[in-house]
2 protein chains.
Amino acid sequence: MEIQKRRESKSARTRRAILSSARRLFFERGYDGATVRQIAEAVPIDPSMIIRYFGSKEQLFADATVVDLRFQDFGPFPGDDIGRLLIEHFLDLWENEDGDLGLAILLRSSAHNEEARTKIREIFAQQVIPLISRIDPLDAERRAGMIVSQLFGLALCRYILELSPISAMPRDDIVQIFGPTIQHYAVGGTSTA
Amino acid sequence: MEIQKRRESKSARTRRAILSSARRLFFERGYDGATVRQIAEAVPIDPSMIIRYFGSKEQLFADATVVDLRFQDFGPFPGDDIGRLLIEHFLDLWENEDGDLGLAILLRSSAHNEEARTKIREIFAQQVIPLISRIDPLDAERRAGMIVSQLFGLALCRYILELSPISAMPRDDIVQIFGPTIQHYAVGGTSTA
DNA sequence: CTTAAAAGTCAACATGTGTTGACTTCACCT
DNA sequence: AGGTGAAGTCAACACATGTTGACTTTTAAG
């Protein structure tokens, strides 16, 4: 029993080490940019072990990008403060060092990786739309789409392009600027101010 | 004289053919995804000719992504209709078959290509900010940043991720939904509705 | 201590990349 | 018509990639 446990825990530890290294490098360089050799070197371990553990680079990527948006952390339903909550939650996904970076990796890889796109669509359908539906099920898909348009564009400018006014702005300013827009989209959002 | 002209026009024609093919493939697959061989095959021409004409793949990419946003087409200054105008103009950049696709290519390649990011920042500084400054020079950088956050996010969802509610929506709906937000950002945009 | 399996290393493979240089073909001016 | 330089082809290079199989080392039970 103990025997089995120890053996498992050894391999499980390197498995987690590989996953952690993979996530960091996929985050920094995307699917194509991060090579198996680089990931292995950062662990450090032989590149062939990565294949032994995960079967292929593609499978490693799939295992490294299991995304849970953790909307259940919102607890009792927010209601009219949803805009601020959503954007704070979204910023955490990128700025928390120990976050799993899953969504960030997918977004960075989405331009040239069909699997990343598919996963983002799944997350949208299975996690974002249900949340927005709780506010009002009418046209929830459209409103959810408007929200992620703004959030993804913000992430693109702030974290990927590093466009100076957006990337240099303190977090609180971002919340104050985009929170009301998200709120507006969340509750309907077809008319102007 | 004629001699020179004819010779130039021959090489100039294939040069343009290469550029056109390169733009299409860079647009579809990004910088890394589009190979010199693929671009050459689509012309069709030998891959080595591309190096002869442009020196390197990197230089070909640079030449293929000279972007002019053509804001001068706006003519007399729009003023309070700038939101609708901007988003229509932006949609044209992606949907016009004979547009140069420059910005679209840059955006698609930006995740893993520093040169693409640099060019986008230049376009932002040299073309977008000046336009927004014409409305009001106060905080023009910040307001321009907010606008491109929304526009780039829209492009990401509609054309790259193909996120179904946003990608399936008719063009006019997009204008009606996002136009007011852009307008709001353009004229100040810190307060809610 | 022995030993069998797990964990890890090493060198090589097949393939695809950008790029190069030697060669051939073509267009055009004298 | 013939020769000259441009335009284009061909095969190969050096290198990097994911992946594989043979091998060695470590681990822990008998």
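The sequence lines fix the lettering, A, B, ..., with proteins before strands; numbering per chain opens at 1.
- Atom C1' of nucleotide D:dG18 and atom CG of A:Asp32 are separated by 12 Å, given to the nearest angstrom.
- Distance, A:Ile51 CD1 to C:dA7 P: 17 Å, rounded to whole Å.
- A salt bridge does not link B:Lys119 to B:Glu114: none of the charged nitrogens lies less than 4.0 Å from a carboxylate oxygen.
- Contacts of B:Phe54 with the nucleic acid, taken as non-hydrogen atoms under 4.0 Å apart, are absent.
- Residues from residues 35-48 of chain A that place a heavy atom under 4.0 Å from any atom of DNA chain D, listed by number: A:Thr35, A:Val36, A:Arg37, A:Ser48.
- When the ring-ring contact (aromatic ring centres under 6.0 Å, His included) test is applied to A:Phe27, no partner is found at least two apart in sequence or on another chain.
- Scored by the ring-ring contact (aromatic ring centres under 6.0 Å, His included) test, A:Phe71 finds A:Phe74, A:His89 as partners (sequence neighbours excluded).
- The side-chain contact (heavy atoms from CB on, under 4.5 Å) check on A:Val36 picks up A:Pro47, A:Ile50, A:Lys57, with sequence neighbours excluded.
- Here A:Ala186 pairs with A:Ile82, A:Ile135, A:Ile147 under the side-chain contact (heavy atoms from CB on, under 4.5 Å) rule; sequence neighbours left out.
- In this structure, A:Arg13 atom CZ and D:dT27 atom C1' are separated by 12 Å, rounded to whole Å.
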Restricting to nitrogen or oxygen on both sides, can you table the protein-nucleotides 23-26 of chain D pairs closer than 3.5 Å?
none

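- For the pair B:Arg29 CZ and C:dG16 P, the computed distance is 14 Å after rounding to whole Å.
- Using a 4.0 Å cut-off between charged side-chain N and carboxylate O, A:Glu88 and A:Arg171 make a salt bridge.
- For residues 126-161 of chain A, every residue pair satisfying the ring-ring contact (aromatic ring centres under 6.0 Å, His included) rule, not counting sequence neighbours, is listed here: A:Trp94-A:Tyr159.
- Legend: salt bridge (Lys or Arg N to Asp or Glu O under 4.0 Å) pairs involving residues 31-53 of chain B, not counting sequence neighbours: none detected.
- The side-chain contact (heavy atoms from CB on, under 4.5 Å) check on A:Asp173 picks up A:Met169, A:Pro170, with sequence neighbours excluded.
- Nucleotide C:dG18 holds its C1' atom 16 Å from the CE atom of B:Met49, rounded to whole Å.
- One atom, OH of B:Tyr53, and another, P of D:dG8, lie 4 Å apart when rounded to the nearest Å.
- Atom NZ in B:Lys57 sits roughly 4 Å away from atom P in C:dG18 (whole-Å rounding).
- One atom, CD1 of A:Ile50, and another, P of D:dT17, lie 13 Å apart when rounded to the nearest Å.
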